[in-house]
There are 2 protein chains.
Amino acid sequence: MSDAVPNSPPQRSRGRPRGFDPGAALDAAVRVFWRTGYAAASVDTLCREMHMPRASLYQLFGNKEDLFRAAIARYAETRLVPVAEALGPRGSLREDLEAFYQEVVALATRDRETPGCLISCVLADAAGSSAALRRELDARFSALEARIEDRLSRDTAPGDAADTRAMAGLLAAVARGIMLRARSGTPAADLHRIAGLAVASLCAARH
Amino acid sequence: MSDAVPNSPPQRSRGRPRGFDPGAALDAAVRVFWRTGYAAASVDTLCREMHMPRASLYQLFGNKEDLFRAAIARYAETRLVPVAEALGPRGSLREDLEAFYQEVVALATRDRETPGCLISCVLADAAGSSAALRRELDARFSALEARIEDRLSRDTAPGDAADTRAMAGLLAAVARGIMLRARSGTPAADLHRIAGLAVASLCAARH
DNA sequence: TCATAATCGAAACGTTCGGTCTGAAAATAC
DNA sequence: GTATTTTCAGACCGAACGTTTCGATTATGA
């Protein structure tokens, strides 16, 4: 009955408005970490490319490692979700896997400034310096494998759950191997050939 | 007739003898970079773990990036060569591939201080900060693929060279995906299951 | 013994690092 | 208008960075 917001809702908070867009800033942080690596990315560079003053960065994100984790979450939502969603199910398992690897190669080669994958190429390195980041890496890896396993289980008789799990791990390993190869500058066409062979071989073996 | 070294060969050079073992020092550098990453490894830490004075390190290796490249070469010779040599040919293709992945998993999980692979997990990150390191990464990746391709071509009718090349790329991608997964702390048993499934599936599909 | 040559140990180099602080600026609330 | 609240710009902090320098040390060659 009574509105929870009696008067005009304060669309804008009290003080001076910020001169940057938080979403775009996080996208920029993703690009900096992705291109440069975690340890090699300086807070100065981050501030510049995020169009964000230093004080605001620390007030909003806490510190560099927290910002890195926020960037990883952003990357997962904006870049990895579309890749995982290509798994469908939309068509046959083989068609969906082909679509999945299409997206994998596209993500890893789309921008020549940021080859490879933020998680497979950058977080994997940083995981050596921080236990929290190692757990983060494990969680991100496991999430993709669970998504693949879920897709596989729709085309598999129940009971061979262990095999389905291993196959999900294998398909994810191929995806990461492709991401890594892209980091060295390998053209997309070469990676597509590898992905195509993977789908053909692994689907053929499954029957 | 006349000896090239007339008098007693100078086993020891002129000045003060070094107080460190260059080979062991390089092995220690491998461990530091492998555990910590390139950018996050400080020269202070390197000197301490290499049992090497700072001045000697710079006189012997030039600078940090050159030392990193020397450590990568050392790693390739001492750690990667045994893995590649497991490809034989010694037995059937399938047996040799099983031995190969056995070594891959062992390398990536043997020491819990240095999980994963120096090239796949550390150089791949550093490749984003230096064009020279990106080329180094590409060369190291290509070298392994060439070795696999060579092994495959012994069991393949000539002519489908492009397919053999793609299969080598795929087998290498699986190996790298496994290395990456080890970086997050995955137990060796899980990785062996993935590797076993890879060999079974890909060999089955090849006939 | 004395010159030569190499390494060692440590201090010092200037730079950059991640992080904090302060006062001016720019908005709303009253 | 004034008070309040938030952000901004930039100086500032001590610590750590990669690298260089230099005198002391410890060996060999003559």
Side-chain angles (χ1 to χ4, degrees), chain A residues 5-26 28-29 32-33 36-71 122 125-126 128-130 132-133, chain B residues 5-26 28-29 32-33 36-71 122 125-126 128-130 132-133:
Chain A
V5 179
N7 285 340
S8 63
Q11 283 185 314
R12 197 170 283 182
S13 68
R14 195 79 119 68
R16 175 175 176 172
R18 30 177 69 141
F20 61 92
D21 172 28
L26 204 42
V32 172
F33 283 127
T36 315
Y38 170 63
S42 73
V43 176
D44 260 327
T45 301
L46 285 163
C47 289
R48 197 178 322 119
E49 304 211 12
M50 294 169 81
H51 297 296
M52 204 171 167
R54 222 180 164 73
S56 305
L57 188 150
Y58 276 93
Q59 186 247 321
L60 197 55
F61 293 107
N63 59 35
K64 188 186 174 186
E65 186 171 319
D66 286 341
L67 170 61
F68 184 44
R69 259 192 293 270
V122 173
D125 175 283
S129 304
S130 153
L133 291 181
Chain B
V5 180
N7 286 341
S8 63
Q11 284 186 315
R12 197 170 283 180
S13 67
R14 194 79 118 69
R16 174 176 176 172
R18 27 177 70 139
F20 62 92
D21 173 28
L26 205 42
V32 173
F33 283 126
T36 313
Y38 170 62
S42 73
V43 175
D44 259 328
T45 302
L46 285 162
C47 288
R48 197 179 321 115
E49 304 211 14
M50 294 169 80
H51 298 298
M52 205 169 166
R54 234 178 155 70
S56 306
L57 188 149
Y58 276 91
Q59 186 248 321
L60 198 56
F61 293 107
N63 59 36
K64 189 185 176 188
E65 187 171 318
D66 287 341
L67 170 61
F68 184 45
R69 259 192 293 270
V122 173
D125 175 282
S129 303
S130 152
L133 292 181

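- Look at CG on B/L57: it is 19 Å from P on C/dA6, rounded to the nearest Å.
- Within 3.5 Å, no donor on the side chain of A/R14 pairs with an acceptor on the base of D/dT6, nor the reverse.
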Q: Do nucleotides 7-19 of chain C as a string where each nucleotide becomes B, S or -: B if the base has a protein heavy atom under 4.0 Å, S if just the sugar-phosphate does, - if no protein is that close.
A: BSB-------SBB
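- Counting all heavy atoms, side chain and backbone alike, A/D66 lies closest to A/F61 at CB-O, 3.1 Å.
- Scanning all heavy atoms of the two residues, the minimum distance from A/L67 to A/A29 falls at CD1-CB, 4.2 Å.
- Residue B/C47 comes nearest to B/L57 through the heavy atom pair SG-CD1, 3.8 Å, listed as atom of the first residue, atom of the second, then distance.
- Listed for the A/T45 side chain is no donor-acceptor partner under 3.5 Å among the backbone atoms of A/A41.
- With sequence neighbours excluded, the residues satisfying side chain to side chain contact (heavy atoms under 4.5 Å, CB included) with A/E65 are A/Y38, A/N63, A/R69, A/S130, A/A132, A/L133.
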